[in-house]
A.B. asks: 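First the structure, which I've put down as structure tokens, then a few questions once you've had a look.
The figures that follow rest on heavy atoms only: side chains count, while hydrogens, waters and symmetry mates do not.
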Amino acid sequence: MRSVIIPGVAVPCGAFESLPAGRAEYTNTLMAATATLRLIAFQLAGLIETNSYSVMIVPAEGAS
């Protein structure tokens, strides 16, 4: 059996209020969210592997 787990985090609404002129604020928030997701994925992978399953973390950002 194969499964996929997709974690997510909410981006604060304030990051969007200043767009399009204030893209720097959104970019900083997006980078923080991406780092948080990577930590969650890494910790979740460790938990899953302790239960004798094989795990691979696949990055989603930067794909085009």
A.B. asks: How about CD1 on I6, more than 12 heavy atoms from neighbouring residues, nucleotides or ligands closer than 6.0 Å, or not?
C.D. replies: no

A.B. asks: How long is the span from the CD1 atom in I57 to the CD1 atom in I48, to the nearest 0.5 Å?
C.D. replies: 9.0 Å

A.B. asks: In the hydrophobic cluster built from side-chain contacts under 4.5 Å, what are the other members alongside M31?
C.D. replies: none

A.B. asks: Locate the shortest heavy-atom distance separating P7 from I40; write the atom from each residue and the value.
C.D. replies: CB-CG2, 4.0 Å

A.B. asks: Determine, using the 4.5 Å side-chain heavy-atom cutoff (strictly less than), whether Y53 and L44 are members of one ILVMFWY cluster.
C.D. replies: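 Y53 and L44: one cluster.
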
